[in-house]
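Here is the structure we will look at, set down as structure tokens.
Any value given below was found using the heavy atoms of this structure, including those in side chains, with hydrogens, waters and symmetry copies removed. In the text below, chain A, chain B and the rest are named by the order of the sequence lines, each starting its count at 1.
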Amino acid sequence: MMTAQGPDLEVTVLENREILPGVHSMVFRTHGNVYADSLPGQFLQVEVSPGPFPVTRRPLTIDGLHGDDCVRVVFESVGSGTSMLAFKPVGTSLRILGPLGRGYELRPGGWLLIGGGLGAAGLGFLASRIDCRSVLLGAATSSRLLPLPGLPVLTATEDGSRGTHGLVTDLLGSVEWTAIENVAVCGPVGMMDAVIRQIPERLLGMTQVSTEARMGCGYGVCEGCSLPAAAGGYLKCCTDGPVIPAADIDWERWRGGNT
Amino acid sequence: MMTAQGPDLEVTVLENREILPGVHSMVFRTHGNVYADSLPGQFLQVEVSPGPFPVTRRPLTIDGLHGDDCVRVVFESVGSGTSMLAFKPVGTSLRILGPLGRGYELRPGGWLLIGGGLGAAGLGFLASRIDCRSVLLGAATSSRLLPLPGLPVLTATEDGSRGTHGLVTDLLGSVEWTAIENVAVCGPVGMMDAVIRQIPERLLGMTQVSTEARMGCGYGVCEGCSLPAAAGGYLKCCTDGPVIPAADIDWERWRGGNT
Amino acid sequence: MTSDIRSWSLWGRKFTSPVMLASGTAGFGLELLERGSLAGTAIVVSKATTLEPREGNPPPRLVETRFGLLNSVGLANPGVDAVMENILPSAAMLPCPLIVNVAGKSEREFAAVVDRLEGSSIPFGYEINVSCPNVAAGGVAFGASPETVDRIARMVREVTDRPFSVKLTPNEGSLTESARAAEEGGANAVTVSNTYLGMRIDWRTGKPLLHRSVGGYSSPAILPMTVARVFTVSSCVDIPVLASGGATCPEDILELLAAGAAMVQVGTRVMRRPDAAAELLTGIKNFLEETLS
Amino acid sequence: MTSDIRSWSLWGRKFTSPVMLASGTAGFGLELLERGSLAGTAIVVSKATTLEPREGNPPPRLVETRFGLLNSVGLANPGVDAVMENILPSAAMLPCPLIVNVAGKSEREFAAVVDRLEGSSIPFGYEINVSCPNVAAGGVAFGASPETVDRIARMVREVTDRPFSVKLTPNEGSLTESARAAEEGGANAVTVSNTYLGMRIDWRTGKPLLHRSVGGYSSPAILPMTVARVFTVSSCVDIPVLASGGATCPEDILELLAAGAAMVQVGTRVMRRPDAAAELLTGIKNFLEETLS
Ligand SMILES: Cc1cc2nc3c(=O)[nH]c(=O)nc-3n(C[C@H](O)[C@H](O)[C@H](O)COP(=O)(O)OP(=O)(O)OC[C@H]3O[C@@H](n4cnc5c(N)ncnc54)[C@H](O)[C@@H]3O)c2cc1C
Ligand SMILES: Cc1cc2nc3c(=O)[nH]c(=O)nc-3n(C[C@H](O)[C@H](O)[C@H](O)COP(=O)(O)OP(=O)(O)OC[C@H]3O[C@@H](n4cnc5c(N)ncnc54)[C@H](O)[C@@H]3O)c2cc1C
Ligand SMILES: Cc1cc2nc3c(=O)[nH]c(=O)nc-3n(C[C@H](O)[C@H](O)[C@H](O)COP(=O)(O)O)c2cc1C
Ligand SMILES: Cc1cc2nc3c(=O)[nH]c(=O)nc-3n(C[C@H](O)[C@H](O)[C@H](O)COP(=O)(O)O)c2cc1C
Ligand code: FES
Ligand code: FES
């Protein structure tokens with residue numbers, strides 16, 4: 001039931017690059033090898049300020065590792081916490097707690113990776129650990145598309161500024177399904193829900209989604225991060241997830257927001 | 001009853017010097033001549049942070065003017081607000097409200113100025129406007145004595161590290177009282193009270209004291225800054241003072257703290 | 001009663017700003033008028049007026065906490081006669097309406113003060129302060145009991161045709177019940193609410209930092225509590241709700257309006273920024289324009 | 001009851017730290033134990049336990065305000081049977097005592113839950129949560145009425161010889177009357193207090209940011225209100241007062257002890273810093289040494 005979760009580390013910002021407008025890639029030097037065994041899909045909790053506010057940390061997906069002692073995140077500046085983080089110069093020390101949560105189950109067989117917007121953060125990390133056959137990426141416009149160099153990526157943008165003019169689900173028709181035995185989906189709820197409803201039924205049981213919920217602690221004690229469970233009641237995003245078998249989620253309640 | 005009070009100005013820190021350990025002299029460039037007519041004993045309200053906290057400004061006595069458009073304060077870093085202010089680098093802009101309150105009534109005749117610790121802030125400004133015959137300065141130790149160059153200063157320190165070994169009241173015996181027609185006192189309540197009780201009675205009516213009280217607004221609207229009045233009830237430090245005729249204060253209630 | 005966050009009115013009068021100055025932090029508006037700082041102010045609420053003059057509490061009356069302000073002014077005021085003679089005549093110069101905040105030591109005192117004030121043409125209306133946390137008699141205790149609120153409102157209703165609001169306490173009793181009682185008793189609005197009981201102690205000495213130990217907590221830190229109470233109260237009474245507590249930036253005002261407030265009072269912020277109302281109004285208009293477009 | 005800020009004890013037991021972990025932000029202490037984060041913790045208070053399993057409220061259950069946190073967890077828990085079977089046995093490994101926080105939908109449920117828990121040797125005592133702001137039935141309503149508090153305390157007293165605290169609400173009714181009622185009813189402590197009602201609304205859409213609209217406000221912003229209430233309550237009951245609300249740094253703990261608290265609970269801070277108790281204890285000791293010397 002419980003999973004030992006990573007420690008609270010004082011780390012140093014080694015890199016802070018704006019890779020897309022408002023989107024930063026940040027590397028933390030951890031002065032140790034705590035993150036060496038972290039799994040794609042796991043996350044960390046960043047204390048964005050040493051001061052009293054904000055009161056809680058901010059959860060960010062592990063986007064990749066650099067050597068033994070560095071971990072990278074990619075985040076968009078959307079509110080108070082992430083905008084403070086975006087301003088941290090190289091050399092700043094801050095605290096991160098992790099790695100946290102359940103990552104992807106790295107099963108054998110070909111994988112299809114589907115990402116929407118910033119949801120693509122971490123897909124490169126996942127791809128490096130599995131047999132990645134195809135990646136579908138969707139975003140509102142080209143400047144919201146995370147680069148995933150070296151991967152077989154198909155792209156859709158809502159404004160047609162890159163790739164197919166449309167939604168990521170419009171790319172499903174191009175997939176060579178026979179090669180696919182696993183699916184990973186991450187992005188906004190609406191996008192994930194649409195994907196789940198359109199992929200071949202035989203793959204539903206093999207589909208893992210990377211979820212998000214407002215988090216408090218991030219390590220299982222506060223019950224803040226609930227997600228509607230298919231079995232009734234709720235799952236905890238932080239310890240039951242964030243990566244969860246698609247079939248375990250009650251999509252109707254989640255999608256509706258009326259959860 | 002009301003006195004038009006100075007405007008709220010965006011000013012620039014022109015100088016920030018630590019003149020004694022923990023004591024800063026700070027000059028604000030006001031980009032105008034609002035302070036040109038300010039009187040010794042008046043104060044200003046400094047907004048120490050543009051952020052939400054602290055919620056109120058901090059009152060500081062005007063220590064002097066530099067040319068037409070600059071005003072100087074001297075302050076000790078004693079708590080949250082003043083310590084934030086102590087860290088403001090030259091060039092910082094912040095807001096000051098002033099000049100505020102009643103300064104000294106600049107009467108003719110010889111003056112005796114008596115200051116305790118940081119209470120001496122502003123005495124040089126006062127001396128430049130009146131006929132200053134003598135200045136008595138007391139402090140716990142020599143590193144708490146504000147420099148008052150060019151003035152006839154007698155000094156007492158509690159640890160004997162400079163001047164007379166004792167309290168400022170121990171200097172009263174050395175004053176040539178015949179030349180004195182006005183007295184100005186500023187410092188901690190206990191020190192001012194002791195002075196008031198020991199100066200010649202004929203001067204009591206000619207003694208003005210520079211008071212302090214916890215302030216909210218500083219311009220007369222909040223009733224936060226009460227001082228016990230000799231006539232019963234309270235005076236407002238910010239608009240009835242800060243400089244108040246000694247005889248108008250109920251020293252017993254003020255001294256006792258049981259006000 | 002809930003309302004459109006873009007249109008601001010109270011008691012049949014339309015305003016070009018939703019910002020009122022709260023009681024006790026703007027005097028009678030005259031110091032601010034002299035400063036030229038009443039721009040953007042829809043209505044000034046005066047400091048509390050009582051039947052007799054009140055000295056107020058011994059100092060210290062104010063102390064800051066890390067994230068707010070505690071006050072223990074204790075309704076210092078010159079009494080209703082002096083207000084009638086010396087203050088209200090000058091208040092005729094105010095460019096906006098004045099609501100007189102009224103306090104009392106006994107249930108009857110509120111109506112008695114209002115009755116005297118009826119002799120002046122100045123008051124736009126009254127705010128009946130049954131919720132001051134800083135006095136021994138009355139204060140919170142009145143506001144905490146719906147029966148008392150009802151009685152006080154009825155007595156006030158009897159002596160005036162002018163509109164009045166009852167300023168409620170968030171510290172004791174049931175805010176919704178007291179709000180309903182105020183409405184039943186004839187109030188034309190409720191002010192939600194007064195300060196929260198708060199305190200600071202110097203742990204080294206064990207001594208409270210305010211002379212009266214406990215004071216009233218205000219500041220941006222209390223905003224979410226005001227939002228909750230305005231939301232709850234405005235859905236259970238039909239009279240307008242005036243929000244008071246924690247508004248310091250334009251978004252705060254908009255949030256309180258969205259919660260159901262007819263108008264929003266600003267207190268502590270004015271102590272720091274005499275021009276708060278004008279600054280807030282500019283911000284509010286910018287936000288509304290951005291959102292419209 | 002007031003106490004020396006340098007010596008920390010509860011219910012006949014001395015502790016080497018004044019820091020307790022508050023209910024709902026530390027689970028049953030097991031996740032923290034596994035992390036090695038229980039150093040410095042005197043007592044863990046468990047999350048609320050009810051008779052039946054409770055799913056808790058729909059999300060969003062958490063939202064930050066500019067200066068605090070709103071939660072609307074709604075007593076999510078697996079129910080007392082699952083607690084007895086699956087959780088308490090592992091809690092035997094805790095290096096410190098465990099107080100089980102108990103909640104109920106009806107007045108009788110509290111005693112019923114305690115009665116079941118009596119079958120386990122683990123609980124050091126109970127915390128009777130009559131003050132949860134996040135449930136439709138019970139919650140605040142129980143804590144607001146002294147009569148109800150008295151009845152609930154008596155029923156609990158009847159089924160256990162273990163000590164228990166009643167966790168009171170600061171949102172409605174009279175905290176001092178409820179505290180006295182708890183004492184009369186047989187409680188061995190009162191916890192002062194639970195979260196304050198708070199809310200956030202997106203003014204652009206008019207939509208509340210929590211699913212249940214109003215939630216419980218916690219964080220350093222509420223500290224001065226807890227200090228005031230601990231001070232007032234501890235001077236009117238003889239049982240120990242456990243402080244809860246706003247403690248995030250060592251000085252906060254010392255201030256709450258100086259206000260009269262026997263021990264201090266830390267909630268929200270633990271969500272951000274699992275090692276909060278150890279960090280706080282180090283700071284507290286440093287401050288006390290500085291002051292002694
Ligand atoms: C497991 C997990 C992994 C995540 N990984 C990434 C990532 O790799 N890159 C990235 O850019 N973002 C990621 N997020 C979302 C990120 O945590 C939020 O954008 C961030 O917390 C917003 O904080 P803020 O203070 O800037 O925003 P706020 O000012 O608090 O709010 C702004 C907006 O952000 C949303 N938001 C706020 N807090 C959260 C939260 N805890 N969870 C979800 N949404 C929230 C709100 O709904 C709101 O619309 C992840 C979230 C979770 C739960
Ligand atoms: C009219 C007036 C003129 C002043 N002039 C000067 C000056 O020229 N130089 C100078 O160093 N200090 C002066 N002071 C005192 C100065 O305002 C306080 O030291 C300052 O406000 C403390 O703020 P803080 O946030 O640093 O301290 P806090 O953290 O708020 O408190 C630290 C200590 O400072 C005292 N204090 C806090 N606020 C006030 C206040 N408003 N008035 C008095 N004491 C307070 C408290 O009693 C406490 O012991 C003056 C005060 C007044 C009222
Ligand atoms: C210094 C001070 C004095 C106050 N005096 C009064 C008063 O006389 N009558 C009253 O009803 N409220 C009084 N209040 C309460 C304010 O009107 C207001 O309701 C409260 O401060 C919360 O709003 P804010 O957070 O905007 O300050 C006072 C508040 C302060 C800070
Ligand atoms: C996420 C969360 C869940 C909580 N759950 C409970 C609970 O189940 N039972 C309870 O008595 N209090 C609960 N509380 C209240 C806390 O125990 C504590 O009283 C409150 O948060 C104030 O303290 P703090 O400012 O230290 O957090 C909860 C608080 C939070 C933030
Ligand atoms: S965020 Fe606290 S339990 Fe998941
Ligand atoms: S500080 Fe507000 S009246 Fe003096």
Side-chain angles (χ1 to χ4, degrees), chain B residues 1-10 45-59 79-81 94-98 100 189 211-229 231-239 250 253-254 256-259, chain C residues 21 24-37 47-48 53-78 86-87 90 207 209-211 218-221 223 246 248-249 252 267-276 279:
Chain B
M1 192 184 82
M2 280 169 293
T3 40
Q5 306 268 346
D8 193 8
L9 294 180
E10 179 119 4
Q45 280 273 66
V46 184
E47 187 174 72
V48 292
S49 160
F53 310 110
V55 166
T56 62
R57 299 187 187 217
R58 296 295 182 262
S80 57
L94 40 75
R95 274 168 182 265
I96 67 174
L97 189 64
L100 296 169
V189 185
T211 63
E212 284 191 16
R214 287 231 157 212
M215 281 191 183
C217 63
Y219 60 95
V221 297
C222 79
E223 301 279 352
C225 59
S226 54
L227 295 169
Y234 298 99
L235 297 166
K236 285 195 228 176
C237 177
C238 71
T239 50
D250 182 336
R253 277 196 291 156
W254 201 21
N258 191 9
T259 40
Chain C
L21 303 188
T25 53
F28 276 76
L30 296 169
E31 290 85 353
L32 289 159
L33 176 65
E34 231 188 289
R35 300 187 55 84
S37 296
K47 79 169 77 170
R54 289 184 66 120
E55 307 189 336
N57 293 327
R61 291 180 177 179
L62 295 176
V63 61
E64 284 206 26
T65 65
R66 266 191 303 155
F67 308 116
L69 178 70
L70 299 176
N71 90 79
S72 165
V73 168
L75 306 179
N77 83 96
N86 308 328
I87 303 182
S90 331
K207 277 184 61 170
L209 296 187
L210 288 175
H211 184 93
S218 66
S219 76
L223 178 73
T248 50
C249 64
D252 298 347
T268 308
R269 180 69 179 175
V270 178
M271 292 163 64
R272 168 163 160 187
R273 292 262 174 130
D275 299 322
E279 290 168 0

Given B/Leu227, B/Val55, B/Leu97, the one with more heavy-atom pairs under 4.5 angstrom with chain C than any other is B/Val55

**Request:** Any chance you could lay out the side chain to side chain contact (heavy atoms under 4.5 Å, CB included) test for C/Val63 and B/Arg214, step after step, and finish with the verdict?
**Result:** CA-CA 7 Å; C/Val63 61; B/Arg214 287 231 157 212; 4.0 Å; yes

Max heavy-atom pairs within cutoff under 4.5 Å with chain C, candidates B/Gly232, B/Gly224, B/Gly216, B/Gly233, goes to B/Gly224

Honestly, the part of C/Thr248 sitting under 4.5 Å from a heavy atom of chain B is neither

Check: Under the side chain to side chain contact (heavy atoms under 4.5 Å, CB included) criterion, do B/Leu94 and B/Val48 qualify, and how do the steps go?
Finding: CA-CA 7 Å; B/Leu94 40 75; B/Val48 292; over 6 Å; no

Ranked by heavy-atom pairs below 4.5 Å to chain B, first place among C/Ser219, C/Gly29, C/Ala26, C/Gly267 goes to C/Ala26

CZ of B/Arg57 to CG of B/Leu100, rounded to nearest 0.5 Å, is 9.0 Å

So, the part of B/Glu223 with a heavy atom under 4.5 Å from chain C: the answer is both

So CZ of C/Phe28 and CG of C/Leu33: to nearest 0.5 Å the spacing works out to 14.0 Å

Under a 4.5 Å heavy-atom criterion, the part of residues 269-276 of chain C in contact with chain B comprises C/Val270, C/Met271, C/Arg272, C/Arg273, C/Pro274, C/Asp275

Bottom line for B/Ser80: the part with an atom under 4.5 Å from chain C's heavy atoms is neither

CG of C/Leu62 to CG of C/Leu210, rounded to nearest 0.5 Å, is 8.0 Å

Hits for side-chain contact (heavy atoms from CB on, under 4.5 Å) against B/Leu9, two or more places apart or cross-chain, chain-then-number order -> B/Pro7, B/Val11, B/Thr30, B/Val34, B/Tyr35

